[in-house]
Amino acid sequence: KPWQFFWATGGLSAFLDNAPTYVVFFTTAESLTHAPGEGILQLMGGQYIQESLLIGISLGAVFMGAMSYIGNGPNFMVKSIAEQSGVRMPSFFGYMIFSCVILLPVLVLVTFMFVR
């Protein structure tokens with residue numbers, strides 16, 4: 001189901017780079033789709049993928065990459081630049097507490113609005 005791909009992709013994307021995580025789940029979703037139909041996209045190589053699964057994978061990889069400093073390259077870069085400029089930044093786990101408090105409710109809302 002799309003919401004399962006959203007949370008699985010996002011869970012890994014929070015601690016791994018977005019691109020390889022996206023590719024793994026994209027390939028998985030592609031292997032589950034074998035024929036054209038409504039809501040099915042044909043890829044350039046002739047394979048098929050369900051549009052709803054692709055949406056779940058894409059949203060999970062992008063949005064949940066913000067859950068930690070290492071989930072998205074720019075998160076760590078901004079932390080480093082800010083610390084070099086004298087701005088106090090939260091620790092790795094401190095950042096995760098902030099992201100869980102702020103992002104998890106938003107991600108649950110995204111699940112109900114876009115990934116059902």
Is Trp7 close to Met64 at the side-chain level, that is, under 4.5 Å between some pair of heavy atoms? yes
Minimum heavy-atom separation for Ile49 to Ala29, with atom names? CD1-CB, 3.9 Å
Is there a chain of hydrophobic side chains (I, L, V, M, F, W, Y, each step under 4.5 Å between heavy atoms) that links Val78 to Leu103? no
Heavy-atom side-chain contact between Val106 and Phe63 under 4.5 Å: no
Tell me if a side-chain donor or acceptor on Ser58 pairs with a main-chain N or O of Ile55 at a distance below 3.5 Å. no
For Tyr48, does the OH atom have more than 12 heavy-atom neighbours from other residues, nucleotides or ligands under 6.0 Å away? yes
Rounded to the nearest 0.5 Å, how far does CD of Gln47 lie from NE2 of His34? 11.5 Å
Separation of Ser80 OG from Asn75 CG (nearest 0.5 Å): 11.0 Å
Compare every heavy atom of Ala66 with every heavy atom of Tyr95, then report the nearest pair and how far apart it is. OH-O, 3.0 Å
Indicate if Ile102 and Met89 have the same hydrophobic cluster label, given that clusters are the connected sets of ILVMFWY residues with side-chain heavy-atom separations under 4.5 angstrom. no
Closer than 3.5 angstrom, by distance alone: can the side chain of Ser13 be matched with the main-chain N or O of Gly10 as a donor-acceptor pair? no
Provide the closest heavy-atom pair for Phe15 versus Ile70 in the form atom of the first, atom of the second, distance. O-CD1, 3.6 Å
Rounded to the nearest 0.5 Å, how far does CZ of Phe93 lie from OG of Ser99? 11.5 Å
Locate the shortest heavy-atom distance separating Val110 from Phe6; write the atom from each residue and the value. CG1-CZ, 3.9 Å
Over all heavy atoms of both residues, which pair between Tyr69 and Ser91 is shortest? Give the atoms and the distance, please. CE1-O, 3.7 Å
For a side chain to side chain contact (heavy atoms under 4.5 Å, CB included) check, start with the C-alpha distance between Tyr22 and Leu54, then their side-chain angles and the critical distance, and finish with the verdict. CA-CA 10 Å; Tyr22 179 88; Leu54 184 58; 3.2 Å; yes
So CG of Leu104 and CG of Leu109: to nearest 0.5 Å the spacing works out to 12.5 Å
According to side chain to side chain donor-acceptor pair (under 3.5 Å), who are the partners of Thr21, at least two apart in sequence or on a separate chain? none
Same cluster or not: are Phe25 and Leu53 linked, directly or through other Ile, Leu, Val, Met, Phe, Trp or Tyr residues, by side-chain heavy atoms under 4.5 angstrom apart? yes
Might you point out which heavy atoms bring Ala14 and Met67 nearest each other, and give the distance in Å? CB-CB, 3.6 Å
Please say whether more than 12 non-hydrogen atoms of neighbouring residues, nucleotides or ligands are located less than 6.0 Å from CZ in Phe98. no
If you group Ile, Leu, Val, Met, Phe, Trp and Tyr by side-chain heavy-atom gaps below 4.5 Å, do Leu32 and Trp3 land in one group? no
Heavy-atom side-chain contact between Phe92 and Lys79 under 4.5 Å: no
Linking I/L/V/M/F/W/Y whenever any side-chain heavy atoms sit under 4.5 Å apart, do Phe114 and Leu107 land together? yes
